[in-house]
Every structure is written in C-alpha cells, then in structure tokens.
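Notes for the one structure printed next.
Because the structure is predicted, anything quoted here is derived from the model rather than measured. The first residue in the sequence is number 1, and the count goes up from there.
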Amino acid sequence: MKVHKEGTGFLLTLFTILFIVNMTLYHTVGKGALFYAVSFVSTVLFLLILNFFRSPYRRFPYDSEGLVIAPADGTIVAIEEVMENEILHRKCLQISVFMSIFNVHANWFPVNGTVKQVSHQDGRFMAAYLPKSSTENERSAVVITTKNGQEILARQIAGAMARRIVTYAKAGEKCHVDEQMGFIKFGSRVDVYLPLDTEVLVDMDQKVTGNQTPIARLSR
C-alpha cells in the first residue's frame with residue numbers, strides 16, 4: 001500500500017522520535033517489562049498512523065459522465081434539502097460522507113468538469129458528524145461546473161481531531177473523478193451540494209468508497 005505524500009514527513013518524524021525513545025529506554029533500563037511495553041505501544045501507534053496515511057490507487061471502472069461519485073471513504077451521514085447560503089446561495093440537495101480515523105483520508109473530485117472557485121474558511125473543530133460542522137467548522141470549498149453547466153459544490157470539513165485541510169483544486173483547471181481533490185488529516189467529512197432534481201443512489205448510514213461508489217445521478 002502506497003503512503004500518501006501528505007504523510008511522508010510526519011511518518012518519518014514520528015519514526016525517528018519513537019526510535020530514539022525506544023533506544024534510550026533500552027540503553028538505560030535494558031530489556032525489561034517497561035521496554036517491551038513501550039516498544040509495543042510505539043509499534044501500534046506507528047502502524048495506526050501509517051494506516052491513516054495509506055493512499056490506494058483507484059480508477060472509477062465505468063463511464064462517470066452524469067454521475068456523482070463519493071468524494072471520500074466513509075459513512076453517509078446526511079441526505080437532505082438545505083439552503084446553501086455561503087457560496088451557492090440557493091436550495092440544494094446535500095449528501096455528506098463522514099470519515100473516521102480508520103478511513104482513507106484522500107478526497108476525490110465528485111464530478112467531471114472545470115473548477116470554478118476554491119475558497120477556505122476558518123472555523124471551529126467540533127465533531128464532524130454533527131450537522132453544524134458544515135457551517136461552523138474550518139472548511140474548504142470547491143465549486144465545479146460540469147460540461148452541462150451545472151454547479152456542484154464539494155466542501156472539505158475539519159473534524160474534532162483534524163487540524164489541516166489540504167486542497168489541490170485550482171480555479172480554472174479541468175477536473176476528473178479519478179483525480180484527488182485534496183486530503184484532510186484525521187477524522188473529518190466531505191459535503192456535496194447538488195441540484196434539487198438530482199437522483200440519490202445511496203441511503204443513510206451506507207458505507208461508501210471514495211472514487212468508487214456512485215452516490216447520485218444528475219438530471220442532465
């Protein structure tokens with residue numbers, strides 16, 4: 001499994017610190033119960049962080065035109081009609097994917113098109129599964145215009161443990177569902193705002209896979 005570029009530096013630093021701690025302990029107390037306990041905890045911690053930064057190679061296997069593909073791994077926590085007042089300023093169908101710390105945290109573009117706008121908003125770090133996190137947490141927004149002229153908003157939202165949102169999208173660039181839109185470090189969520197006449201293809205609490213699971217079908 002490939003390690004995501006966002007985790008390379010962090011993992012090297014963590015490995016170095018844990019190595020120094022364990023070697024120092026070994027040379028001061030020897031191979032006692034304390035050394036083995038710390039070594040075990042260090043190994044588990046490093047493997048958990050390594051698992052978080054995994055970066056699987058994925059390609060959507062079918063024709064993606066007209067489909068909205070899950071932008072992230074996780075669980076569907078919202079399917080509802082909302083008033084999006086921050087960017088689109090209209091009623092939309094919101095579909096939200098919550099990512100636990102055990103999910104892949106790379107984010108993919110949900111549709112093909114052209115990036116119209118990219119913005120970032122500072123905010124709080126409440127639990128990402130809460131509805132208020134969409135409008136109160138730190139977040140980055142990417143507006144995509146499809147070839148049929150529909151505007152789709154994808155919003156990366158920081159969670160209680162997330163402290164950095166990385167967004168690769170650039171205004172004016174073409175985008176495709178097989179391309180990564182960004183990365184969020186530790187638990188978080190991604191909201192997608194769609195036209196009201198969009199057909200929903202998922203259910204509440206359903207597990208989805210980023211760049212693999214169709215979550216909706218656009219009307220045109």
Side-chain angles (χ1 to χ4, degrees), residues 56-100 103-119 128-135 137 139-157 159 167-169 171 173-184 188-220:
Y57 175 82
R58 292 177 184 168
R59 288 292 181 269
F60 187 68
Y62 310 107
D63 183 6
S64 58
E65 289 303 326
L67 292 175
V68 182
I69 314 302
D73 288 15
T75 305
I76 300 294
V77 293
I79 303 173
E80 58 185 338
E81 181 180 315
V82 299
M83 183 67 192
E84 204 294 306
N85 288 312
E86 191 170 301
I87 295 176
L88 299 178
H89 304 288
R90 63 170 180 264
K91 286 187 177 181
C92 300
L93 173 66
Q94 176 185 331
I95 301 179
S96 302
V97 180
F98 171 74
M99 295 173 280
S100 76
N103 290 125
V104 172
H105 270 58
N107 303 150
W108 285 264
F109 289 105
V111 294
N112 303 321
T114 302
V115 178
K116 179 181 179 180
Q117 177 184 341
V118 179
S119 61
Y129 58 81
L130 297 173
K132 291 194 298 183
S133 67
S134 294
T135 55
N137 279 20
R139 55 203 179 275
S140 289
V142 178
V143 179
I144 303 165
T145 304
T146 68
K147 70 176 185 179
N148 291 327
Q150 294 172 299
E151 289 186 348
I152 309 301
L153 168 61
R155 177 174 283 136
Q156 299 170 281
I157 301 167
T167 305
Y168 306 137
E173 292 184 349
K174 297 287 185 182
C175 62
H176 191 272
V177 296
D178 287 334
E179 299 170 344
Q180 289 191 7
M181 181 177 69
F183 192 96
I184 311 178
S188 44
R189 71 188 264 173
V190 179
D191 294 346
V192 182
Y193 295 84
L194 307 164
L196 292 177
D197 58 357
T198 300
E199 177 187 0
V200 179
L201 302 178
V202 288
D203 299 312
M204 284 290 294
D205 300 319
Q206 179 177 332
K207 303 294 183 182
V208 296
T209 303
N211 195 41
Q212 298 292 290
T213 307
I215 61 174
R217 180 181 288 109
L218 300 173
S219 61
R220 57 184 174 86

Q.
Please give me the minimum heavy-atom distance between A141 and I87, naming the atom from each residue.
A. CB-CD1, 3.2 Å
Q) Which distance, rounded to the nearest 0.5 Å, do you find between the CG of L196 and the NZ of K91? A) 7.5 Å
Q. How about S119 and R139: do any of their side-chain heavy atoms sit closer than 4.5 Å?
A. no
Q) Which pair of non-hydrogen atoms, one from T167 and one from S140, has the smallest distance, and what is that distance? A) OG1-CB, 3.4 Å
Q. About how many Å separate OH of Y57 and CG of D178, when rounded to the nearest 0.5 Å?
A. 7.5 Å
(Q) Are the side chains of I144 and F109 in contact, using a 4.5 Å heavy-atom criterion? (A) yes
Q: Report yes if the side chains of R58 and T209 come closer than 4.5 Å at any heavy-atom pair, otherwise no.
A: yes
**Q.** For S64, side chain to side chain donor-acceptor pair (under 3.5 Å) partners two or more places apart
**A.** N112
Q.
So, using side chain to side chain donor-acceptor pair (under 3.5 Å) as the criterion, who are the partners of T75 when residues are at least two apart?
A. K207
Q. Excluding sequence neighbours, so at least two apart, what forms side-chain contact (heavy atoms from CB on, under 4.5 Å) with V82?
A. E80, Q94, Y193
(Q) Using side-chain heavy atoms (C-beta onward) and a distance below 4.5 Å, is P195 in contact with I152? (A) yes
Q: Could you pull out the closest heavy-atom pair between H105 and S188, with the gap in Å?
A: CD2-OG, 3.5 Å
Q) When rounded to the nearest 0.5 angstrom, what distance separates CZ in R155 from CG in N107? A) 14.0 Å
Q | Student check: side-chain heavy atoms of L201 and L67 closer than 4.5 Å | A | yes
Q: Would you confirm whether E173, through its side chain, and C175, through its main-chain N or O, come within 3.5 Å as a donor-acceptor pair?
A: no
Q. For the side chain of Q156 and the backbone of D191, is there at least one donor-acceptor N/O pair under 3.5 Å apart?
A. no
Q.
side-chain contact (heavy atoms from CB on, under 4.5 Å), that's the test. Do V97 and I76 meet it? Break it down for me.
A. CA-CA 5 Å; V97 180; I76 300 294; 3.8 Å; yes
Q) Which side chain to side chain donor-acceptor pair (under 3.5 Å) pairs, counting each pair once, include a residue from residues 141-154, with sequence neighbours left out? A) K116-E151
Q.
Could you tell me if the side chain of C92 sits less than 4.5 Å from the side chain of L153, heavy atoms only?
A. no
Q) Taking only residues two or more places apart in sequence or in another chain, which ones pass side-chain contact (heavy atoms from CB on, under 4.5 Å) with A70? A) V208, T213, I215
Q: Any chance you could measure E179, atom CD, to Y168, atom OH, to the nearest 0.5 Å?
A: 13.0 Å
Q: Not counting sequence neighbours, which residues clear side chain to side chain donor-acceptor pair (under 3.5 Å) with S219? List them please.
A: D197
Q: Using side chain to side chain donor-acceptor pair (under 3.5 Å) as the criterion, list what pairs up with R90, not counting sequence neighbours.
A: none
(Q) Can you give me the closest heavy-atom contact between D73 and G210, atom names plus distance? (A) OD1-N, 2.6 Å
(Q) Looking at every non-hydrogen atom in both residues, tell me the closest pair between N103 and G74 and how far apart they are. (A) OD1-CA, 3.7 Å
Q. Does any N or O in the side chain of R189 come within less than 3.5 Å of the main-chain N or O of S96, such that one atom is a donor and the other an acceptor?
A. no
Q) Side chains of V68 and I95: does their closest heavy-atom pair fall under 4.5 Å? A) no
Q | Non-hydrogen atoms of T198 and A216 that approach each other most closely | A | CG2-CB, 3.5 Å
**Q.** side-chain contact (heavy atoms from CB on, under 4.5 Å) partners of A154, counting only residues at least two apart
**A.** P110, M181
Q) Can you list the residues that meet the salt bridge (Lys or Arg N to Asp or Glu O under 4.0 Å) rule with E199, with sequence neighbours excluded? A) R217
